[in-house]
Structures are given as structure tokens and as C-alpha cells.
K.L.:
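Structure below; questions to follow.
In listed order, ligands and their atoms are each counted from 1. No hydrogens, no waters, no symmetry mates; every other heavy atom, side chains included, goes into these values. These numbers were taken from a predicted model, which means no experiment stands behind them.
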Amino acid sequence: MLQQTQVKTVLPYFRNFLLHFPSLESLSKSNERKVLKLWEGLGYYRRARNLLATSKIIVKEHFSKLPKKIIDIKKLPGIGDYTANALLAFIHNQPTIAIDGNVKRVFSRIVNKSENKIDFNKLIDTNKKSLFRTKRHSDFVEALMEFGALVCKPKQPECFICNIKTTCGYFKSDKKFKQVKKIQPKEKNYNVFCYIHKKTNKIALTKKHDLGFLNKFYLPLIEEATTKNKIKNWNFHSNFKNSISNKKLNINLYYKFSLKLPLQSEWFSLKGNNEFIPSFTKKIFKQILNIN
Ligand code: SF4
């Protein structure tokens with residue numbers, strides 16, 4: 001849940017999730033519909049699907065215990081280098097470092113070099129004797145993350161209270177390196193078409209669309225906009241911006257009243273229902289709820 005999401009946002013979801021699934025076994029017996037419903041509003045839904053799939057694999061193939069080898073952990077759905085190393089340290093207290101944005105920034109400042117000029121795995125391997133002096137590997141990984149978030153912060157690092165400033169290249173150097181700016185994702189234009197059944201206050205949603213990052217989720221009809229002209233035979237409602245995962249969307253929202261359900265769609269009440277509906281679709285619900 002914490003991938004790309006702040007702790008304060010996650011907490012209520014996490015607590016509620018544990019109430020429903022107090023153990024790995026209980027999660028492994030559940031289904032996607034239930035898990036997604038509990039995840040509703042948190043975004044990055046692939047995490048929920050992967051978590052469910054992973055719980056089933058661990059229970060069935062690993063006797064409900066996380067494997068101890070990184071190669072086996074990385075075979076679990078959605079687990080890459082970062083998560084695998086974090087798990088190895090947190091669960092098995094193994095000497096390893098989970099390299100995230102915070103850790104990269106800290107190391108690059110210590111050696112006073114731009115991140116893209118550092119081979120982080122090599123750097124860790126070369127310095128493993130001094131890095132892994134502690135036996136508390138789990139605490140060390142967490143401390144590094146916190147240090148990056150609270151002391152060696154992205155914009156104004158707290159160098160004067162930092163306890164490693166005497167050995168930090170960035171602090172000591174008159175020639176401080178300049179960080180390469182990250183390339184921001186380009187905004188894409190989409191047209192969203194809402195068929196509305198006025199009498200019952202329902203909207204047509206479909207899972208058949210080309211938005212890979214919302215694959216298998218209910219959306220109104222949506223297509224990439226190829227022209228800036230307004231679309232004929234549709235009522236233009238509004239324009240709004242939305243971010244999903246790391247994608248930036250510029251949405252033109254259209255609607256029309258209809259008694260007929262478009263192909264491969266289903267009617268959904270605009271006032272709420274038991275199906276899992278992604279936040280993006282809910283945002284559209286809010287916008288068109290009071291159309292007359
Ligand atoms: S001295 Fe400053 S730049 Fe160096 S590690 Fe500490 S906080 Fe970061």
C-alpha cells in the first residue's frame with residue numbers, strides 16, 4: 001500500500017484491510033472483487049491484485065513463509081529489486097539495502113556525484129564492510145529511508161544537524177554536484193463519453209477499453225483525442241486534469257441521454273453500488289451526477 005502513497009493516506013485502508021484479512025491465509029482465500037473493493041480509492045490497483053496473487057503463492061508453495069532467497073522472492077507477482085531487498089531486511093534481517101529514491105539521494109550526496117553517474121549496487125558491494133557493521137539490518141534499512149526523508153531531504157538537507165557531515169562529500173565540497181532533473185511524463189488528451197439513463201440516474205460503463213493502466217476496470221467509453229474540435233452529436237460537459245499512476249490525463253467529458261445500452265457495457269447507478277469502481281470513474285460520477 002505504501003508504494004507511491006503517503007502513510008497518512010494508507011493508514012485507514014491498512015487498518016480496515018487487516019480487519020477483513022487478519023492473516024496471510026485469510027487473504028489467500030479471498031477473491032479479487034473483495035480485495036479491490038477494500039482498496040477502492042487508494043489507486044495503483046495492480047498492487048492489490050499482486051498482493052492477492054502473492055498471498056496465494058506463498059500459502060500454497062512456501063508453507064505461508066516468505067522465501068529466504070532473493071531469486072525466489074522476485075518470482076512473486078509485483079516484487080522487483082527494491083521490495084525484495086526491503087523484505088529480506090525487514091522479515092529475515094539479512095544484510096542488504098533497498099535502493100529507493102531516498103537512498104539514492106543520500107548516497108549520491110555522500111560521494112558528491114550525480115545519481116546517473118553511480119552504479120549503486122557496485123557502491124554498496126565495495127563498501128559492504130562498513131555499511132553492514134550492524135547486526136540490525138532491518139533497522140538499518142528503515143533508518144536509511146527515514147534519514148533520506150527527514151535529514152538528507154530532497155530540497156534543503158539538514159546538514160548542520162547531520163551526524164555524518166564530516167565525511168559527506170556534498171557538505172565538504174565547494175563544487176557541489178547538480179542533480180539531473182527527472183523527465184516529467186507528457187500529458188495525454190482523452191475524450192470520455194458518458195451514456196446516461198436519465199430516468200434511473202445510471203451511467204453505462206465498460207471494461208472493454210484501451211487504457212492499459214486501468215485494465216479490467218469499469219470506465220465510461222474513452223478514447224485518445226486526436227483533434228481539439230468538439231465532438232458532434234455529444235454534449236460537451238467539462239474539461240479536467242487527472243493523474244493515474246504516473247500518467248497525466250487531460251480529459252474532455254461528453255455526455256448524452258440514452259435509453260439504449262451501448263455494446264459491451266452495463267448500467268451502473270451514479271449514486272453508488274457494490275461493484276469496485278476506480279477513483280477515476282468516481283470522479284466522473286461526481287461531475288455528471290446532477291445533469292438535467
Ligand atoms: S551532510 Fe547534508 S548532504 Fe551530507 S548526508 Fe548529511 S544531510 Fe545529506
K.L.:
Are the charged groups of Asp72 and Lys69 less than 4.0 angstrom apart, N to O?
P.N.:
no
K.L.:
Okay, side chain of Ser30, backbone of Leu27: is any donor-acceptor separation there less than 3.5 Å?
P.N.:
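Such a contact is absent between Ser30 side chain and Leu27 backbone.
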K.L.:
Indicate yes or no: at least one non-hydrogen side-chain atom of Phe280 is less than 4.5 angstrom from one of Leu249.
P.N.:
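Yes - at least one pair of side-chain heavy atoms lies under 4.5 Å apart.
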K.L.:
Name the closest protein heavy atom to atom 8 (Fe) of ligand 1, giving the residue it belongs to and the distance to 0.1 Å.
P.N.:
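Heavy-atom neighbour on the protein nearest atom 8 (Fe) of ligand 1: Cys152 SG, 2.4 Å.
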K.L.:
Can you name the atoms of ligand 1, numbered from 1 with element, that are less than 4.0 Å from a heavy atom of Phe171?
P.N.:
1 (S)
K.L.:
With distance as the sole criterion, is a donor-acceptor pair present between the side chains of Asn250 and Asn239 under 3.5 Å?
P.N.:
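Side chains of Asn250 and Asn239: pair found under 3.5 Å.
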K.L.:
Quick one: which ligand 1 atoms are inside 4.0 Å of a heavy atom on Arg109?
P.N.:
3 (S)
K.L.:
What are the atoms of ligand 1, with element, lying closer than 4.0 Å to any heavy atom of Tyr170?
P.N.:
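Here the atoms of ligand 1 in question are 3 (S).
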K.L.:
Heavy atom under 4.0 Å from ligand 1: found in Lys165's side chain, backbone, both, or neither?
P.N.:
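Both of them.
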K.L.:
Are more than 12 heavy atoms from other residues, nucleotides or ligands located less than 6.0 Å from atom CD1 of Ile71?
P.N.:
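It does not: Ile71 CD1 has 12 such atoms or fewer within range.
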K.L.:
Using a 4.0 Å heavy-atom cut-off, say whether Cys159 meets ligand 1 through its side chain, its backbone, both or neither.
P.N.:
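For Cys159, the contact with ligand 1 is made by both the backbone and the side chain.
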K.L.:
Hey, which atoms in ligand 1 end up nearer than 4.0 Å to a heavy atom of Cys168?
P.N.:
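Those atoms are 1 (S), 3 (S), 4 (Fe), 5 (S).
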K.L.:
Do any of the N/O/S atoms of Cys162, backbone or side chain, fall under 2.8 Å from atom 2 (Fe) of ligand 1?
P.N.:
no
K.L.:
Between Asn50 and Arg47, is there a side-chain donor-acceptor contact under 3.5 Å, judged purely by atom types and distance?
P.N.:
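Distance-only check fails for Arg47 and Asn50.
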